[in-house]
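Before any comments, here is the structure.
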Amino acid sequence: MEFVKRHPIVALLALGLIAVQVFPLSFGGRLGDGQVARSILTLSYFPQKLVFGINGSLARGWGNYINLAGIKSENERLREEIKELREEKFRLWEAELQNQRLKKLLDYKNASPIYSVITANVIGASPSALRSEVVIIDRGTRDGISEGMPVVTREGIVGRVYLAGGRSSEVVLITDPVSGVDAYIHRTRARGVIKGTGRGRVIMDYVENKSEVDVGDKVLSSGKDGFFPKGVVIGTVMGVEANGSVVKARVSPDLDLESLEEVIVVLKSPEDAVISE
Amino acid sequence: MNRALTFIFFAALSLTLLTIQSTILSPRNLGFLSPDLNLLLVIFFSLYSGIKWGGAMALGNSYMMDALSGHITGAHLLSRMSAFILIQSLSGQFFRMRGIQAAAIVFGTLFSWIFFWAIASMRTDFDFPMSAADIALQAVVNAVVGVPLFFLIEWTNAKLQR
């Protein structure tokens with residue numbers, strides 16, 4: 001320490017030299033097994049959850065106050081809606097019975113979901129402007145979550161678990177520059193790779209034929225990358241440009257990743273994914 | 001001065017600032033208008049603590065930043081320790097003077113980001129997320145938030161020590 005105090009320039013040069021060696025490795029992946037990082041994630045869980053709770057209470061309180069004004073007319077409208085829904089329920093019940101009879105006839109087996117899922121709240125985000133495409137969820141290894149598991153919502157793909165602590169986990173969003181998802185164009189089945197470019201944007205790269213992708217096409221996950229299940233919506237093509245012999249498409253995620261509140265973690269290990277799909 | 005109390009105070013402060021920066025003042029929500037409270041704490045340590053004690057606290061805080069921001073173990077740690085050493089070496093000459101804290105904060109913020117930029121520019125697959133204007137904006141935001149924050153930290157620590 002005395003050396004650092006006496007020779008700060010030498011110390012700075014040494015740190016710079018270490019950084020040159022370390023950064024190329026660590027932008028793409030964490031150094032070491034991350035056990036200390038996991039402990040820090042767990043340590044920060046409690047205050048983050050507290051802030052999340054307070055924020056939620058304040059938002060609910062404000063929402064209740066705003067809603068109070070129109071509650072009477074809303075009540076009457078809902079009563080009418082319930083009446084209509086009861087009638088519809090009866091019709092659906094009739095249809096369900098008929099459906100069951102027909103299924104029995106066809107020896108149809110109910111399709112069971114392939115993977116278990118667990119819901120989680122987004123309680124925090126990366127504190128760094130250098131890498132802001134990371135969110136923190138309130139579920140961890142205690143809930144069966146492990147690193148690499150895909151995270152989605154009903155509207156589409158969110159990202160994947162990068163670090164799983166005991167009670168919370170870090171999720172790298174698909175918009176992060178290190179993220180990659182094997183995907184295809186729904187209309188033409190043309191394959192490509194969805195890559196994050198930061199600041200909420202993604203591109204679909206390595207599409208082989210320009211005629212196979214057009215503005216407005218839906219992009220879905222192919223399941224071939226070993227992380228994400230097949231057929232989950234990613235977004236819509238907003239623009240196409242030729243990039244040498246391949247095509248690069250600008251894709252707008254269907255899901256609003258800027259205002260994530262709740263997500264679904266698919267409890268699927270990356271290892272068995274490719275085999276099963 | 002009660003060293004144990006000081007350690008507990010700064011460890012708790014470090015965790016509190018990290019929580020605030022990863023929830024309500026996250027750069028994800030506020031972009032570059034979000035003050036970097038943890039960098040401010042490192043600058044505070046470099047101005048008002050010894051190299052051993054302040055260095056250890058700054059190291060711990062920077063590692064926590066790395067751990068919570070995904071992937072880049074070493075990025076914050078190295079850039080912030082470099083800023084810490086530089087400001088610490090300059091603090092004896094002029095940064096300790098009253099009214100010049102803002103200059104130390106601006107200098108520390110600029111140095112920290114230029115350090116990132118210099119290293120990131122060696123890679124072709126990493127887009128540096130900030131422009132020169134963004135960095136300048138964050139330096140100003142940090143200075144505006146940092147000066148009262150330093151006063152608050154000093155005041156609270158002094159109260160605790162009594």
Side-chain angles (χ1 to χ4, degrees), chain A residues 1-2 4-9 11-12 15-16 18-32 34 36-41 43-44 46-48 50-52 55 123-136 162-163 170-172 176-178 197-199 258-259, chain B residues 15-32 34 36-38 50-52 55-56 60 63-79 81-83 85-86 88-90 113 115-116 118-120 122-123 125-130 134-135 138:
Chain A
M1 282 297 171
E2 278 306 308
V4 174
K5 204 170 183 177
R6 267 192 239 137
H7 307 284
I9 302 298
L12 281 176
L15 284 173
I18 296 168
V20 170
Q21 297 299 315
V22 167
F23 277 21
L25 299 172
S26 58
F27 271 128
R30 194 182 293 281
L31 296 176
V36 184
R38 276 189 201 101
S39 309
I40 289 166
L41 201 58
L43 183 71
S44 65
F46 298 100
Q48 281 172 341
L50 182 72
V51 173
F52 173 76
N55 263 348
I123 57 168
S126 164
S128 168
L130 185 65
R131 172 144 293 153
S132 57
E133 308 293 318
V134 173
V135 294
I136 298 163
Y162 192 78
L163 182 74
E170 275 177 17
V171 175
V172 174
D176 189 281
V178 300
T197 57
R199 299 190 186 190
E258 298 298 316
S259 54
Chain B
L15 188 63
T16 305
L17 294 184
L18 200 72
T19 304
I20 293 171
Q21 204 170 314
S22 64
T23 51
I24 40 183
L25 290 184
S26 167
R28 227 183 123 57
N29 304 329
L30 299 178
F32 302 118
S34 159
D36 196 335
L37 300 174
N38 292 277
I51 194 153
K52 271 187 201 168
Y63 185 79
M64 281 160 76
M65 275 291 288
D66 275 338
L68 284 187
S69 47
H71 308 93
I72 26 181
T73 302
H76 293 95
L77 198 138
L78 291 166
S79 79
M81 287 317 290
S82 302
I85 292 169
L86 197 60
Q88 166 87 211
S89 66
L90 293 172
W113 280 109
F115 188 93
F116 278 137
I119 303 298
M122 293 176 193
R123 293 176 59 88
D125 60 341
F126 185 82
D127 288 334
F128 189 67
M130 293 174 90
D134 293 333
I135 293 173
Q138 186 158 71

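Both backbone and side-chain heavy atoms feed into the values below; hydrogens, waters and symmetry mates do not.
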Task: Heavy-atom pair count under 4.5 Å with chain B, highest-scoring of A/Ala129, A/Gly124, A/Ser259, A/Ser44 - done: A/Ala129
Task: Under 4.5 Å from any heavy atom of chain B - which part of A/Val171 - done: neither
Open item on the list: Please report whether the ring centroid of B/His76 lies less than 6.0 Å from that of B/Phe116.
Closed with: yes
Task: Side-chain touch A/Val178/A/Tyr162, heavy atoms, less than 4.5 angstrom - done: no
- [ ] Below 4.5 Å from any heavy atom of chain B, which atoms of A/Leu50 appear? Answer side chain, backbone, both or neither.
- [x] neither
Open item on the list: Determine whether a donor-acceptor pair (N or O, by modelled atom type, separation under 3.5 Å) exists between the side chain of B/Gln21 and the backbone of A/Pro127.
Closed with: yes
Open item on the list: Has B/Ser34 got a side-chain atom pairing as donor or acceptor with B/Leu25's backbone, closer than 3.5 angstrom?
Closed with: yes
Task: chain B contact via A/Leu41 - which portion, at a heavy-atom distance below 4.5 Å - done: both
Open item on the list: Quick check for you: among A/Asn55, A/Ile40, A/Ile123, A/Val135, which has the greatest number of heavy-atom pairs under 4.5 Å with chain B?
Closed with: A/Ile40
Task: Residue B/Asp134 versus chain A: region with a heavy atom under 4.5 Å - done: side chain
Open item on the list: Going by side-chain hydrogen bond (donor to acceptor under 3.5 Å, both in side chains), name the residues that satisfy it together with B/Gln138, two or more places apart in sequence or in a different chain.
Closed with: B/Trp113
